[in-house]
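The next block holds one structure in the form of structure tokens; read it before the comments.
Just follow the structure's listing: the first ligand is 1, and inside any ligand the first atom is 1.
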Amino acid sequence: MSDLTADERAAREGVRRQKCEAVAKLYASAQDCTGCGLHRTRTRVVFGTGNAASPLMLIGEGPGANEDVQGEPFVGRAGKLLDECLFYAGMKREHIYLTNIIKCRAAIEEGGRVQNRPPTAEELDECVPRWLRNQMEIIQPLVICCIGAPAAKVVINSNFSIMRERGRFFECSYSSHAIAVLHPAFILRQEGAEYQRLRGLLIDDLKAAKERAIAARSEAPKTLF
Ligand code: SF4
């Protein structure tokens, strides 16, 4: 139960509406982006989804094949595992804002198959200031949770080591509280006990991000949403 007054609740609702409208406008303008060469091969721009007024923003690397077709971040097996871990951490997608550092699929054709590839530095230099940075400026997340090393290197520190530094909080230029977690796609490549161990770490780190977001909210209600 929130202990906010009626005025505080109204003020919060006003801010929520403003953020949602501003993000929706930005989303609309991103749909035709030709800022880098990835626009030639993408099916859809994968901008982001969820609650633009959430204090918690999750940021992955970029869309893969399923995301490119559906226009949503984290669909497919990795998305299913992320949803499962969010659930065990006490959250759903509608509680958070979920996006990627790059908005169009980066892929390469090898041996007759189209494979995902990491975005180049030039592609990131075009995309991040146009879209991710503006998303963060509107949403002003109290806590940023980077999913995997590529997002952590862009958002937290270019030398970030996911195996050594995941689960710890850092200050970055976008938020006073930034944490990185293992990428569900990486966890899915493990087996048996190691799979269970890493899945447990992801749940624990997501819980830590949620708890930090609750603590960071100045009104300090008992619930995050
Ligand atoms: S990756 Fe980013 S900059 Fe490049 S076309 Fe897509 S939205 Fe535009």
Side-chain angles (χ1 to χ4, degrees), residues 18-54 56-79 82 93-94 96-110 113-141 143-160 162 172-175 178-186:
Q18 267 177 12
K19 286 186 179 185
C20 292
E21 284 171 10
V23 167
K25 262 193 201 161
L26 195 66
Y27 175 97
S29 46
Q31 297 311 302
D32 301 323
C33 180
T34 55
C36 78
L38 294 181
H39 79 275
R40 293 192 201 95
T41 49
R42 74 171 178 234
T43 309
R44 299 179 65 178
V45 172
V46 181
F47 184 76
T49 184
N51 178 0
S54 174
L56 180 55
M57 187 173 192
L58 269 62
I59 307 175
E61 181 180 20
N66 293 321
E67 289 81 5
D68 178 59
V69 171
Q70 296 184 39
E72 291 271 323
F74 285 90
V75 295
R77 286 178 70 222
L82 178 65
R93 280 200 190 202
E94 55 262 39
I96 56 160
Y97 190 81
L98 179 61
T99 189
N100 287 308
I101 49 175
I102 197 142
K103 311 303 187 196
C104 300
R105 184 187 184 200
I108 187 167
E109 198 173 328
E110 267 176 1
R113 287 186 59 206
V114 180
Q115 315 257 29
N116 293 338
R117 64 160 172 83
T120 63
E122 291 73 24
E123 288 160 352
L124 285 168
D125 283 349
E126 290 296 337
C127 198
V128 170
R130 274 169 214 260
W131 308 118
L132 180 64
R133 208 165 286 162
N134 283 322
Q135 283 172 306
M136 290 196 279
E137 266 168 29
I138 295 168
I139 294 171
Q140 295 185 12
V143 176
I144 292 176
C145 179
C146 298
I147 306 174
K153 284 176 193 281
V154 166
V155 174
I156 301 177
N157 171 348
S158 57
N159 294 317
F160 197 89
I162 192 76
C172 70
S173 45
Y174 306 110
S175 171
I179 186 173
V181 301
L182 296 176
H183 199 293
F186 171 72

Report summary line: Residues passing the salt bridge (Lys or Arg N to Asp or Glu O under 4.0 Å) test with Arg42, sequence neighbours excluded, are none
Query raised in the report: Are the side chain of Glu67 and the backbone of Val75 linked by a donor-acceptor contact shorter than 3.5 Å?
Result: yes
Query raised in the report: Distance-only, no hydrogens or angles: does the Glu126 side chain make a donor-acceptor pair with backbone N or O of Glu122 under 3.5 Å?
Result: no
Report task. Report, as a single number, the protein N, O or S atoms less than 2.8 Å from atom 6 (Fe) of ligand 1. Result -> 1
Requested in this report: Quick one: list whatever passes side-chain hydrogen bond (donor to acceptor under 3.5 Å, both in side chains) with Arg133, sequence neighbours left out.
Outcome: Tyr174
Query - Interatomic spacing from NE2 in His183 to CG in Leu82 - rounded to 0.5 Å - result: 8.5 Å
Requested in this report: Applying salt bridge (Lys or Arg N to Asp or Glu O under 4.0 Å), name anything that partners Glu123, two or more places apart in sequence or on another chain.
Outcome: Arg117
